[in-house]
2 protein chains.
Amino acid sequence: MTRKQEIIDTAKTLFRERGYKSVSMRDLAKVIDFKAASLYNHISSKEEILADIVLDVARYFTHEMNIIKSLNVDAKTQLEGVIKHHVDLTINNPEAIAILNNDWMHLEGKHLEDFKMMRDTYENDLRSIITQGIEHKEIAFQNIDIILFSILSTLRTLHLWYRKRSDLSENDLKKDITDILLKGILVKS
Amino acid sequence: MTRKQEIIDTAKTLFRERGYKSVSMRDLAKVIDFKAASLYNHISSKEEILADIVLDVARYFTHEMNIIKSLNVDAKTQLEGVIKHHVDLTINNPEAIAILNNDWMHLEGKHLEDFKMMRDTYENDLRSIITQGIEHKEIAFQNIDIILFSILSTLRTLHLWYRKRSDLSENDLKKDITDILLKGILVKS
DNA sequence: GTCTATAGATAGATAGAC
DNA sequence: GTCTATCTATCTATAGAC
């Protein structure tokens, strides 16, 4: 592992716990037994660390969505794919998702632009999947934006909950989240 | 409106947009055409402003939950009540919900303790409602914590989405959110 | 590549004049 | 109750010795 990677990994933990703005370069250096000034031999600014973390995961989501779009399968299967890659990432990189959710607005310049572009594209792709599901009568509920919002809000905050329940297996988690998002909770009447 | 209330209302807007840690007392003072020092004639610290905002809304949630618990109605009706007061608050005080979600960890001392206590009590009360619904066969899905998490994550982040869609009437919003959380989205098979 | 020292900006908060 | 002035602490980042 490179020094830069070590810095970024440490930052992931601290940023998640206390928020980007509350973590100083001195805090970060102390954890890896450095002086703050030395960090600058490996990274160019604090914001660069944030951008590395956030844009990396944003690019992963974009990549996964492009694969799903290329599959030519029905809406339900596509939604299952979206849920699957969110759960994967929640398990493997929960810090990055938390930081993306809470601190993306502290990105600057082109980093901020790139992030917003990827986020909006992702949301539009997911909206298209839902629209297609309604057209093909796979989805009964009619308000597209409420479906989109409900799915995304659950998937984006899954990391908060998984922390307390990391005993659950990856497959059980995928199954339960998929069921609840697609089928609801009530006994069918 | 008192001066203190004016300060808090201004803080609500700024804290929501940029996060508690990114807003300085000078930023806050500038908006209401004050000098930063003058703010301290009305509030004792920056953290007190945060606590006023966050604990106020936490107390509201606690109060509403206590009313629901006292009603002696079935689980479905109780869940509808929970959704209703979340939607009400999202429409009437979205800034406070956003700040509670993002910046509660910057509360200090007793403020932090009180917040955590109210949050945990609320979650436990909601878990009891869900458990009761499963016992009485109103709820089919079996994983209590996933139901709890899914409902709360959607309700807690509703403010993000309502911003873009504030054209929707309060009643339509309550109906759609209730439907999607309780009934799911797929065509019944 | 890590250090000490420090520049330069900005933070929360207080003292005291008016 | 609002101001100017300022204290003390802390921030990101750089300069230059080793």
Side-chain angles (χ1 to χ4, degrees), chain A residues 1-55 95 99 102-113 115, chain B residues 1-55 95 99-100 102-112 115:
Chain A
M1 182 156 61
T2 65
R3 270 274 125 101
K4 178 166 177 176
Q5 197 54 52
E6 188 183 3
I7 293 169
I8 289 176
D9 284 352
T10 307
K12 274 189 189 175
T13 306
L14 296 185
F15 289 174
R16 180 195 197 179
E17 290 310 319
R18 291 148 49 191
Y20 172 73
K21 282 284 181 182
S22 294
V23 176
S24 71
M25 296 302 273
R26 286 173 183 81
D27 295 332
L28 193 46
K30 186 170 260 178
V31 175
I32 51 181
D33 222 37
F34 256 42
K35 296 297 169 182
S38 307
L39 298 173
Y40 289 89
N41 281 308
H42 306 281
I43 50 100
S44 68
S45 72
K46 187 186 177 189
E47 192 267 351
E48 192 206 58
I49 301 175
L50 179 66
D52 261 34
I53 296 169
V54 172
L55 294 183
E95 300 87 358
I99 296 165
N102 298 327
D103 289 315
W104 64 267
M105 75 279 276
H106 299 121
L107 292 170
E108 297 166 14
K110 187 163 183 334
H111 292 153
L112 182 58
E113 268 179 56
F115 170 77
Chain B
M1 178 155 64
T2 64
R3 270 276 125 105
K4 178 168 178 175
Q5 198 54 51
E6 187 182 5
I7 292 168
I8 291 176
D9 284 351
T10 306
K12 274 189 189 174
T13 305
L14 296 185
F15 290 175
R16 180 194 198 183
E17 291 308 321
R18 289 151 46 190
Y20 172 72
K21 283 282 181 181
S22 295
V23 176
S24 73
M25 296 301 274
R26 286 170 181 83
D27 294 334
L28 193 44
K30 185 170 262 180
V31 174
I32 53 183
D33 221 35
F34 255 43
K35 296 297 168 183
S38 307
L39 298 174
Y40 289 89
N41 281 308
H42 306 281
I43 51 100
S44 67
S45 71
K46 188 186 175 189
E47 193 268 350
E48 192 205 59
I49 300 175
L50 179 65
D52 261 34
I53 295 169
V54 171
L55 294 182
E95 299 87 359
I99 295 164
L100 181 149
N102 299 328
D103 288 315
W104 65 267
M105 74 280 275
H106 300 120
L107 292 171
E108 298 165 15
K110 188 165 183 330
H111 291 152
L112 182 58
F115 170 77

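Proteins come first, then strands; the chains are lettered A, B, ... in the order of their sequence lines, and each starts at number 1. Note: hydrogens, waters and symmetry copies are ignored here, and every other heavy atom, side chains too, is used.
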Practice task
Provide, to the nearest angstrom, the distance between the CD atom belonging to B:Glu108 and the C1' atom belonging to C:dA13.
Solution key: 13 Å
Exercise for the section: Determine the sole option in A:Phe115, A:Tyr20, A:Phe15 for which the ring-ring contact (aromatic ring centres under 6.0 Å, His included) test with A:His106 is passed. Expected result: A:Tyr20
Exercise for the section: Calculate the interatomic distance between B:Phe34 atom CZ and D:dT4 atom P; express it in whole Å. Expected result: 12 Å
Completion exercise
Testing C:dG1, C:dG12, C:dA11 for proximity to the side chain of B:Met25, the answer is C:dG12
Problem - Point-to-point distance, once rounded to the nearest 0.5 Å, from CD of B:Glu47 to CG of B:Asp52 - result: 9.5 Å
Problem - N/O (side chain, A:Ser24) to phosphate O (OP1/OP2, D:dT10) under 4.0 Å - result: no
Problem - Distance, rounded to the nearest Å, where B:Glu48 contributes CD and C:dA13 contributes C1' - result: 14 Å
Practice task
Using a 4.5 Å cut-off on heavy atoms from C-beta on, say whether the side chain of A:Lys46 contacts that of A:Leu28.
Solution key: no
Handout entry: Length of the line joining A:His42:NE2 and C:dG1:P, which is rounded to integer Å
Key = 6 Å
Handout entry: Length of the line joining A:Leu39:CG and C:dT4:P, which is rounded to integer Å
Key = 13 Å
Fill in the blank from the handout: Rounded to whole Å, CD1 of A:Ile32 lies from P of C:dG1 at a distance of 14 Å
Completion exercise
Taking every heavy atom of B:Ala11 against every heavy atom of B:Ile49, the minimum-distance pair comes out as CB-CG2, 3.5 Å
Problem - Nearest-neighbour nucleotide for the B:Asp27 side chain, C:dA11, D:dC3, D:dT14 considered - result: C:dA11
Handout entry: Distance test, side-chain N/O of B:Lys46 to OP1/OP2 of C:dG12, below 4.0 Å
Key = yes
Handout entry: Whole-Å distance separating the NZ atom of A:Lys21 from the C1' atom of C:dA11
Key = 12 Å
Completion exercise
Between A:Arg26 and A:Lys35, whichever has its closest DNA chain C nucleotide further toward 5' is A:Lys35
Exercise for the section: Could you tell me whether A:Glu113 and A:Lys110 have a side-chain N and a carboxylate O separated by less than 4.0 Å? Expected result: no
Problem - Rounded distance in Å - NE2 (A:His106) to P (D:dT12) - result: 12 Å
Exercise for the section: Report yes if at least one side-chain N or O of A:Ser38 is closer than 4.0 Å to OP1 or OP2 of C:dC3; otherwise report no. Expected result: yes
